[in-house]
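Have a look at the structure below before the remarks.
In this text, all values refer to a predicted model and were calculated from it rather than measured experimentally.
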Amino acid sequence: MHSVAAHAGVSPMSVSNVINGRKVRPATRDAVLRSIEALNYKPNAAARALASATTMRIGLVYSSPDSAFVSAMLVGALDAATRCGAQLLIRRSTSKLSDIRETILALVEEDGANALLLPAPYCEVVSGQDVLKNLGEMPLMGLCAGSELPDVTSVRIDDFAAAYDMTTHLIGLGHRRIAFIRAAAHHRISETRYAGYRQALQDAGIVPDDSIVADGDLTFDMGIVASEALLNLPVPPSAIFASNDDTAAAVISVAHRRGIHVPEQLSVAGFDDSPTSTRLWPPLTTIRQPIIEMTNTAIEVLARRFAEGDVGSEHTIYAPYEIVTRGSTARMTQPI
């Protein structure tokens, strides 16, 4: 198949689409068919039988298996796929476009995926790229995109509003020096959640201070690094708002190691309301993002589109969020 693609000057995914009868441009179809004839290519009969079966096979791309977000997403995907009578095909990838492209190609060509579920940041990275065009009319859903994607339907919350509300909550507790730990730049939440945080400060008459904004990558390990940097400042923050619960857990860990009392000396807030949030001491104040339910919704939409042969017209499906207050936030009673 790769040889046919090279001969025709198209992607291997386009060759797969032609062989399996998916919609492609007439010029692409003609080029592929000419190359198939010239190279005497014989598609594997078993693979073609698999590709033409009526069972929906959902290709799902994931990142770190240690992530609380990934764990919740997989639980939701398994539940929904079982209920819809679909197969779930899972592959791991980095966030690089070239790696995502190869992973999607492998899911379609090697595993026989005929629908795709791409959580953030994968749906964000492929948005506007040729990899989507090569999929033809294959049903595709994004999950938890940090902003609206014009060419990918995504189930998401309003990250800007959620971050705004959490920052406003911390301000309401009397905090003025509120630090923020961002996500990695390839996640769009690094922009939208940060923007919500800044807007809440400005609306409260607080001048945003970039010296108490740290960069992370949504992992516990980078949360340790970011926390150390923030707490080493000459005037440390009285509250730290992290972009996810794994990072917030790292903040609490560093605080405990330094003998800083949470929440009396330092309030800590997270994002997601993952199982981690209730296993910490004190339990974490966080934003509940219903990841399992959102994944369920995404797969139900995929199932409808697959059954109806419809790519759909929705661009964004919003899920509700809420602030869950627990023991990690309070009014500061004594400075660090």
Using the rule given for side chain to side chain contact (heavy atoms under 4.5 Å, CB included), can you reason through Met138 versus Val108, listing the C-alpha separation, both sets of side-chain angles and the distance that settles it, and then say yes or no? CA-CA 10 Å; Met138 180 182 295; Val108 174; 3.8 Å; yes
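- Every pair passing salt bridge (Lys or Arg N to Asp or Glu O under 4.0 Å) that includes a residue from residues 159-181 is listed here, sequence neighbours excluded: Arg156-Asp159, Asp159-Arg193, Arg177-Asp209.
- Atoms NE2 and OH, from His7 and Tyr41 in turn, are 14.5 Å apart once rounded to the nearest 0.5 Å.
- When all heavy atoms of Thr55 and Gly85 are compared, the closest pair comes out as CG2-O, 4.0 Å.
- With a 4.5 Å cut-off between side-chain heavy atoms of Ile, Leu, Val, Met, Phe, Trp and Tyr, the cluster of Val324 takes in none.
- Between the side chains of Asp217 and Thr219, a donor-acceptor pair is found at a separation under 3.5 Å.
- Atom NE2 in His261 sits 14.0 Å away from atom CE in Met332 (nearest 0.5 Å).
- Looking at Ser127, its side chain never comes within 3.5 Å of a backbone N or O of Glu124 through a donor-acceptor pair.
- Contact detail for Pro139 and Arg305: the closest heavy-atom pair is CB-CB, 4.1 Å.
- Both Leu302 and Ile317 sit in one connected hydrophobic cluster of ILVMFWY residues. Membership requires side-chain heavy atoms under 4.5 Å apart, directly or through other members.
- Once rounded to the nearest 0.5 Å, the distance linking CD1 of Ile252 with CD1 of Ile240 reads 10.0 Å.
- A distance-only check finds no donor-acceptor pair linking the side chain of Thr285 to the backbone of Ala269 [under 3.5 Å].
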Asp30 and Arg25: CA distance, side-chain angles, deciding distance, salt bridge (charged side-chain N to carboxylate O under 4.0 Å, His left out) verdict: CA-CA 9 Å; Asp30 291 343; Arg25 292 182 302 168; over 6 Å; no
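- Within the 4.5 Å cutoff, no side-chain heavy atoms of Met141 are placed close to those of Ser154.
- Side-chain contact between Pro320 and Ile157 is absent, with no heavy-atom pair separated by less than 4.5 Å.
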Mind running side chain to side chain contact (heavy atoms under 4.5 Å, CB included) on Cys123 and Leu149 for me, showing each step along the way? CA-CA 8 Å; Cys123 57; Leu149 305 175; 4.0 Å; yes
Could you walk me through whether Thr276 and Asp245 pass the side-chain hydrogen bond (donor to acceptor under 3.5 Å, both in side chains) check? CA-CA 7 Å; Thr276 299; Asp245 291 345; over 6 Å; no
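- Here Ile189 is tied into one hydrophobic group with Leu218, each link being a pair of ILVMFWY side chains closer than 4.5 Å.
- The line from OG1 of Thr103 to CD of Glu110 is 10.0 Å long, rounded to the nearest 0.5 Å.
- In the hydrophobic clustering of ILVMFWY residues, with side-chain heavy atoms under 4.5 Å counting as a link, Met222 and Phe220 come out apart.
- Remark: the backbone N or O of Pro208 is not paired with any side-chain donor or acceptor of Gln202 at under 3.5 angstrom.
- Listed here is the closest heavy atom pair of Thr295 and Ala77: CG2-N, 3.4 Å.
- Taking 4.0 Å as the cut-off between side-chain N and carboxylate O, Asp203 and Arg198 do not count as a salt-bridged pair.
- You'll find the side chain of Ile171 reaches within 4.5 Å of the side chain of Ile178, heavy atoms only.
- At least one donor-acceptor pair under 3.5 Å links the side chain of Thr168 to the backbone N or O of Tyr164.
- Put simply, the side chain of Asn244 does not reach to within 4.5 Å of the side chain of Phe69, judged on heavy atoms.
- Summarising the geometry of Arg101 relative to Asp130, their closest heavy-atom pair is NH2-OD1, 2.9 Å, with the distance given to 0.1 Å.
- Across every non-hydrogen atom of Pro119 and Leu60, the tightest pair is CD-CD1, 4.0 Å.
- Grouping the Ile, Leu, Val, Met, Phe, Trp and Tyr side chains by contacts below 4.5 angstrom, directly or via other members, places Ile260 with Leu233.
- Remark: Ile58 CD1 to Gln87 CD distance equals 10.0 Å, nearest 0.5 Å.
- Side chain of His175 to main chain of Leu266: no donor-acceptor pair is present (N/O by atom type, distance under 3.5 Å, no hydrogens or angles).
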Yes or no on side chain to side chain contact (heavy atoms under 4.5 Å, CB included) for Phe180 and Ser243, after CA distance, side-chain angles and deciding distance? CA-CA 8 Å; Phe180 185 75; Ser243 287; 3.5 Å; yes
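- Between the side chain of Thr82 and the backbone N or O of Leu78, at least one donor-acceptor pair lies under 3.5 Å.
- The list of side-chain hydrogen bond (donor to acceptor under 3.5 Å, both in side chains) pairs with a residue in residues 139-150, not counting sequence neighbours, reads Ser147-Arg188, Glu148-Tyr318.
- Considering only heavy atoms from C-beta on, Leu107 comes within 4.5 Å of Val61 through its side chain.
- Residues that satisfy the ring-ring contact (aromatic ring centres under 6.0 Å, His included) test with Phe271, not counting sequence neighbours, are absent from this structure.
- Hydrophobic clustering (ILVMFWY, side-chain heavy atoms < 4.5 Å, transitive): Val213 and Leu201 are in one cluster.
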Passes side-chain hydrogen bond (donor to acceptor under 3.5 Å, both in side chains), Asn296 versus Glu300? Steps please. CA-CA 6 Å; Asn296 270 270; Glu300 287 169 0; over 6 Å; no
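- Between the side chain of Asp151 and the backbone N or O of Gly128 there is at least one donor-acceptor pair closer than 3.5 Å.
- The shortest side-chain heavy-atom distance between Cys144 and Gln289 falls under the 4.5 Å cut-off.
- Using a 4.5 Å heavy-atom threshold, the side chains of Leu118 and Val152 count as separate.
- A distance-only check finds a donor-acceptor pair linking the side chain of Tyr122 to the backbone of Tyr62 [under 3.5 Å].
- Other members of the cluster containing Val75 are Ile292, with ILVMFWY side chains joined at under 4.5 Å, either directly or via other members.
- Of the N and O atoms on the side chains of Ser267 and Thr329, not one donor lies less than 3.5 Å from an acceptor on the other residue.
- No donor-acceptor distance shorter than 3.5 angstrom exists from the side chain of Ser253 to the backbone of Ala249, with no hydrogens or angles considered.
- Summarising the geometry, atom OG1 belonging to Thr153 is positioned 8.0 Å from atom CG belonging to Leu140; distances are rounded to the nearest 0.5 Å.
- A heavy-atom distance below 4.5 Å is found between the side chains of Ser63 and Val70.
- Minimum heavy-atom separation, Leu230 to Pro237: O-CD, 3.5 Å.
- Cluster annotation: Phe160 is not connected to Ile287 through the hydrophobic network of ILVMFWY side chains, with a link wherever side-chain heavy atoms come within less than 4.5 Å.
- For Asp99 and Ser93, the side-chain atoms include no donor-acceptor pair closer than 3.5 Å.
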Given the rule in the side chain to side chain contact (heavy atoms under 4.5 Å, CB included) test, do Ile181 and Phe241 qualify, once you have shown the distances and angles that lead to the verdict? CA-CA 6 Å; Ile181 302 179; Phe241 177 19; over 6 Å; no
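- Arg288 and Ser277 share no side-chain donor-acceptor pair at under 3.5 Å.
- In this model, no donor atom of one side chain and acceptor atom of the other lie less than 3.5 Å apart for Thr286 and Asp273.
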